[in-house]
2 protein chains.
Amino acid sequence: MQQESNEMTMGNTCDITHSMLAKEEDIDRASRSLKAISHPLRLKILCVLGDQEVNVQDIVDSVGTSQSNISQHLAILRDKGILTSRKDANRVFYRVGDYRTLRLISMMQEVFCPAH
Amino acid sequence: MQQESNEMTMGNTCDITHSMLAKEEDIDRASRSLKAISHPLRLKILCVLGDQEVNVQDIVDSVGTSQSNISQHLAILRDKGILTSRKDANRVFYRVGDYRTLRLISMMQEVFCPAH
DNA sequence: TTATTTTATTTATGTATGCTAATATAGGCG
DNA sequence: CGCCTATATTAGCATACATAAATAAAATAA
């Protein structure tokens, strides 16, 4: 009620103000996606993927937990729309779904990695 | 083991590649912070705050849940380093801790809000 | 066909999280 | 001082989450 689409009531919607992510549904969608990626293994999966397409076994080898566990985390990321998958013969390749998500990850790198 | 600081083995560390967030501790720190903000109420709190300083009661009024609940969520955000607090008389003012986090939130707005 | 590889799903269990209600702390006011 | 307001903390409970183990499904190879 209090927060109803105040991006309409303010002139500039691109700068950093209290009108960020104003709509309830946007907030819910954002928090769902963030929750999906805010897990060490899933974040690591996203880092392993980057802008590339990688199959499950390679992800397992890179991340270092059980195949079952990786598969479950991949399912979470796919179900939440973070990843897309493509089947080639008996292997499944995963990649980050869209460029904006890649940019978000890159942004997180800037925020969370001291070197940047 | 597999993922050990591959930002050192690649030339360009700023573009979008599979070397994102390479170090284990960076990943853990990032996932902790993301987990902290990946909750509808906490995200809403961050949106209400924006780049401003707001006291608890105003946050309660804007977000719309119990004072106790808001207080717990504020404590989570403060403990994870997302927010800082300042006490003025008998009121406590919260604000987003650093500009980089604000930029991350702004980035999420771009990613998750269709209008942008 | 059977066997093997790759990936997904199910089940069970321990742990963490979120919420409410009640209580506590702390400052300001009369 | 007592009372009120603002904020924090605690306890209890319900739900969600993370993981491992076992099994299933699907494609390939022999």
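So you know, we letter chains A, B, ... as the sequences are listed, proteins then strands, and number each from 1.
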Task: For atom NZ of A:K44 and atom P of D:dA18, their distance in whole Å - done: 16 Å
Task: Closest to side chain of A:A89, choosing from D:dT5, D:dT7, D:dA27 - done: D:dA27
Task: Integer-rounded Å distance: D:dC17 P and A:L77 CG - done: 13 Å
Open item on the list: Heavy atoms only, 4.0 Å cut-off, all strands: where does A:S66 land among base, sugar-phosphate and nothing?
Closed with: sugar-phosphate
Open item on the list: Just the rounded figure in Å: distance from P of C:dG18 to CG of B:D79.
Closed with: 13 Å
Task: Nearest-angstrom distance from the residue atom CZ of A:F93 to P of D:dA26 - done: 19 Å
- [ ] Using a cut-off of strictly less than 4.0 Å, decide whether A:R42 has a side-chain nitrogen or oxygen near OP1 or OP2 of D:dA18.
- [x] yes
- [ ] Evaluate the side-chain hydrogen bond (donor to acceptor under 3.5 Å, both in side chains) criterion for residues B:Q72 and B:S68: first the C-alpha distance (whole Å), next the side-chain angles of each, then the deciding distance (0.1 Å), finally the verdict.
- [x] CA-CA 6 Å; B:Q72 292 174 74; B:S68 169; 3.2 Å; yes
- [ ] Indicate, with a heavy-atom threshold strictly under 4.0 Å, whether A:Y94 touches base, sugar-phosphate, or nothing.
- [x] sugar-phosphate
TODO: Using a 4.5 Å cut-off on heavy atoms from C-beta on, say whether the side chain of B:H73 contacts that of B:T65.
DONE: no
Open item on the list: I want to check one thing: is the phosphate of D:dT19, taken as OP1 and OP2, less than 4.0 Å away from some side-chain N or O of A:H39?
Closed with: yes
Task: B:I45 and its side-chain contact (heavy atoms from CB on, under 4.5 Å) partner, picked from B:I37, B:V54, B:V60, B:I70 - done: B:I70
Open item on the list: In this structure, how many angstroms lie between the C1' atom of C:dT7 and the CG atom of A:N55, rounded?
Closed with: 10 Å
Task: Length of the line joining A:I70:CD1 and D:dA18:C1', which is rounded to integer Å - done: 13 Å
Task: N/O (side chain, B:K35) to phosphate O (OP1/OP2, C:dT17) under 4.0 Å - done: yes
Open item on the list: Checking contacts here: which listed nucleotide (C:dA22, D:dA18, D:dT7) is nearest the side-chain heavy atoms of B:S68?
Closed with: C:dA22
Task: A:H73 side chain near D:dT19 phosphate (N/O to OP1/OP2, under 4.0 Å) - done: yes
Open item on the list: Within the supplied structure, the quantity of interest is the number of heavy atoms (other residues, nucleotides, ligands) at a distance under 6.0 Å from B:R91 CZ; does it exceed 12?
Closed with: no
Open item on the list: The side chain of A:N90 is closest to which nucleotide in this list: D:dA22, C:dC19, C:dT6?
Closed with: C:dT6
Task: Distance, rounded to the nearest Å, where B:Q67 contributes CD and C:dC19 contributes C1' - done: 14 Å
Task: A:D88 or A:I76, whichever maps to the more 5' nucleotide of DNA chain D - done: A:I76
Open item on the list: I need the NZ-P distance between B:K80 and C:dA16, as an integer number of Å.
Closed with: 12 Å
Open item on the list: Please check this pair: side chain of B:R32 against backbone of B:K80, looking for a donor-acceptor N/O pair closer than 3.5 Å.
Closed with: no
Open item on the list: Side chain of A:S71, heavy atoms from C-beta onward: which of C:dT9, D:dA8, D:dT19 has the nearest atom to it?
Closed with: C:dT9
Open item on the list: Checking contacts here: which listed nucleotide (D:dA18, C:dG28, D:dT9) is nearest the side-chain heavy atoms of B:Q72?
Closed with: D:dT9
Task: Name of the residue among B:D98, B:L102, B:L104 meeting side-chain contact (heavy atoms from CB on, under 4.5 Å) with A:V111 - done: B:L104
- [ ] Examine C:dT20: is either OP1 or OP2 under 4.0 Å from a nitrogen or oxygen in the side chain of B:N69? Give yes or no.
- [x] yes
